[in-house]
Amino acid sequence: MIPVAAGHIRVEVEAAVCAEPELAALEAGAAAGQAPAPGGAAVGRVIEAGEGAGELAGARVLVAPLQPCGECDRCRRGATAACPSRVALGVTGPGALSGRIDARARWALRLDGGLELPGPLAALVAREAADAYALCARAGLGAGDRAQVVGGGPVAALARQVLRARGVREVAGEAGDAADQAMAIVCAGGDPPALASAIARSCPGALVVLLARGGGEAALAGLPAERLAGLLAGGGAVAGVPGAHPDLLPEVAALAARGELDLAAVAEVWRPEGEPLADPAALASRARGALEAGRALVVELGRAD
Ligand SMILES: [Zn+2]
């Protein structure tokens with residue numbers, strides 16, 4: 001086996017999320033060996049630590065999909081999703097559904113000292129909950145503010161939980177009574193109809209926050225131009241969130257540890273008999289079924305010791 005690079009850790013995966021990005025990769029033939037095994041979010045145990053990462057040896061950790069270098073010009077300007085030397089789990093290397101991953105040690109979150117998060121659902125904190133949190137943070141709302149959440153998937157459901165925990169009121173947001181109009185629309189679907197629908201429902205001056213996990217051109221097709229112009233003319237904006245920065249993980253894990261996130265409500269846990277990628281079509285079908293029910297499939301590959 002290749003030794004772990006300096007500053008990296010090798011993690012034996014306990015549980016991995018199989019949601020929209022993994023489903024897209026499976027449908028594109030990732031499991032046929034044409035691309036790395038999918039799996040962008042995981043909880044697992046460090047089985048090997050590279051130079052400079054020894055303090056994580058043996059720890060149970062969360063590993064998030066996007067791991068920027070943290071030092072280049074783009075990272076320093078906060079554009080970490082565009083870091084040229086980022087590690088993207090399941091894209092630049094084997095993903096978590098392969099059962100074993102290498103990741104940057106600096107972003108791995110150690111699950112101890114109050115952040116234990118027992119069980120496979122912890123994997124959701126690394127991406128779905130973190131993305132929901134990042135969307136809400138970008139929307140910048142506080143107690144008493146009004147928001148609308150667009151999307152039927154697990155990130156949308158978690159965003160609703162995060163907003164509720166902050167005292168933000170969710171409104172229907174249809175045109176009409178000004179007191180019922182959303183100051184921000186959190187668009188967690190990421191797909192083009194979701195953005196178009198968010199803009200169509202926006203009032204002038206609103207902030208539309210969109211989860212934009214890579215790609216993006218498709219999200220700009222079919223937008224209602226007149227409503228978008230109205231939104232912008234009123235001082236509003238459309239902001240993209242390319243997934244959570246990994247330094248948000250401790251805050252999100254703390255929310256989950258305090259019981260403020262109901263992860264079980266947005267998950268379907270599956271414990272496969274053998275390798276989950278042995279039958280990619282069956283895995284894809286299971287992941288699709290879960291997403292259609294508004295849940296993320298969490299694949300339990302092993303048990304925490
Ligand atoms: Zn960088």
Side-chain angles (χ1 to χ4, degrees), residues 1-18 21-22 25 30-31 33-76 80-113 115-120 122-127 130 213-214 243-250 252-253 272 274-278 298-305:
M1 183 162 284
I2 312 162
V4 183
H8 286 64
I9 49 173
R10 184 159 292 155
V11 175
E12 180 94 5
V13 176
E14 174 194 329
V17 183
C18 186
E22 289 72 33
Q34 295 141 359
V43 58
R45 180 80 57 189
V46 177
I47 51 167
E48 207 180 327
E51 195 189 321
E55 79 282 1
L56 283 173
R60 184 168 178 262
V61 294
L62 283 187
V63 182
L66 277 179
Q67 301 167 41
C69 76
E71 281 159 18
C72 71
D73 188 49
R74 283 178 180 167
C75 281
R76 281 200 302 267
T80 47
C83 168
S85 46
R86 68 190 181 278
V87 169
L89 266 197
V91 179
T92 60
L97 289 165
S98 69
R100 198 165 280 191
I101 46 176
D102 283 8
R104 280 209 164 97
R106 66 187 298 163
W107 305 120
L109 178 66
R110 203 185 173 105
L111 294 179
D112 59 14
L115 298 181
E116 277 74 8
L117 303 181
L124 286 169
V125 173
R127 187 180 60 204
R213 287 171 174 162
H245 189 292
D247 68 9
L248 282 180
L249 279 191
V252 186
E275 301 284 325
L277 292 172
V298 175
V299 182
E300 190 173 12
L301 297 163
R303 294 298 185 93
D305 310 327

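For reference, positions follow the sequence shown, starting with 1.
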| Could you walk me through whether Val17 and Leu124 pass the side-chain contact (heavy atoms from CB on, under 4.5 Å) check? | CA-CA 6 Å; Val17 183; Leu124 286 169; 4.0 Å; yes
| Residues in salt bridge (Lys or Arg N to Asp or Glu O under 4.0 Å) contact with Arg106, at least two apart in sequence or another chain | Glu71
| By side-chain contact (heavy atoms from CB on, under 4.5 Å) - contacts of Ala108 (at least two apart) | Ile9, Leu56, Val61
| request: Compare all side-chain heavy atoms of Pro246 with those of Pro65 and state whether any distance is below 4.5 angstrom. | output: no
| message | Arg76: which residues meet the salt bridge (Lys or Arg N to Asp or Glu O under 4.0 Å) condition with it, sequence neighbours left out? | response | none
| said: For Leu249 versus Trp107, what's the shortest heavy-atom pair and its separation? | reply: CD1-O, 4.1 Å
| task | Please report the closest heavy-atom contact between Ala253 and Leu115, naming both atoms and the distance. | result | C-CD2, 3.8 Å
| query | Under a 4.5 Å cut-off applied to non-hydrogen side-chain atoms, are Val13 and Ile101 in contact? | reply | yes
| remark: Smallest heavy-atom separation, Thr80 atom then Arg86 atom, equals O-CD, 4.3 Å
| field | Heavy-atom side-chain proximity of Pro84 to Cys72 below 4.5 angstrom | value | yes
| said: Between Val46 and Arg10, is the side-chain contact (heavy atoms from CB on, under 4.5 Å) condition met? List the steps. | reply: CA-CA 6 Å; Val46 177; Arg10 184 159 292 155; over 6 Å; no
| field | Side-chain donor or acceptor of Arg60 paired with backbone N/O of Leu111 under 3.5 Å | value | no
Output side-chain donor-acceptor pairs under 3.5 Å for residues 88-97, partner residues at least two apart or in another chain, one line each.
from: Thr92; atom 1: OG1; to: Ala88; atom 2: N; distance (Å): 3.0
from: Thr92; atom 1: OG1; to: Ala88; atom 2: O; distance (Å): 3.2

| remark: Glu51 meets the salt bridge (Lys or Arg N to Asp or Glu O under 4.0 Å) criterion, sequence neighbours left out, with none
| request: Applying salt bridge (Lys or Arg N to Asp or Glu O under 4.0 Å), name anything that partners Glu55, two or more places apart in sequence or on another chain. | output: none
| Min side-chain heavy-atom separation Ile47-Val11 under 4.5 Å | no
| field | Stepwise side-chain contact (heavy atoms from CB on, under 4.5 Å) test for Arg104 and Cys69 | value | CA-CA 8 Å; Arg104 280 209 164 97; Cys69 76; 4.1 Å; yes
| Do you know the tightest heavy-atom contact between Leu277 and Ala37? | CD1-CB, 3.6 Å
| request: Working to the nearest 0.5 Å, report the span between CG of Leu109 and CG of Asp247. | output: 11.0 Å
| field | Within-4.5 Å side-chain heavy-atom neighbours: Leu301 and Pro276 | value | yes
| said: Go through it in stages, so that I can follow the logic: the residues are Glu48 and Asp102, the test is side-chain contact (heavy atoms from CB on, under 4.5 Å), and I'd like the CA-CA distance, side-chain angles, deciding distance and then a yes or no. | reply: CA-CA 9 Å; Glu48 207 180 327; Asp102 283 8; over 6 Å; no
| said: Show the nearest heavy-atom pair for residues Asp112 and Arg110, with the distance to one decimal. | reply: OD2-NE, 2.8 Å
| Side-chain ion pair, Glu22 and Arg127, N-O less than 4.0 Å | yes
| Closest approach of Ala15 to Ala123 (non-hydrogen atoms, all atoms of both residues) | O-CB, 3.6 Å
| Side-chain ion pair, Arg100 and Glu12, N-O less than 4.0 Å | yes
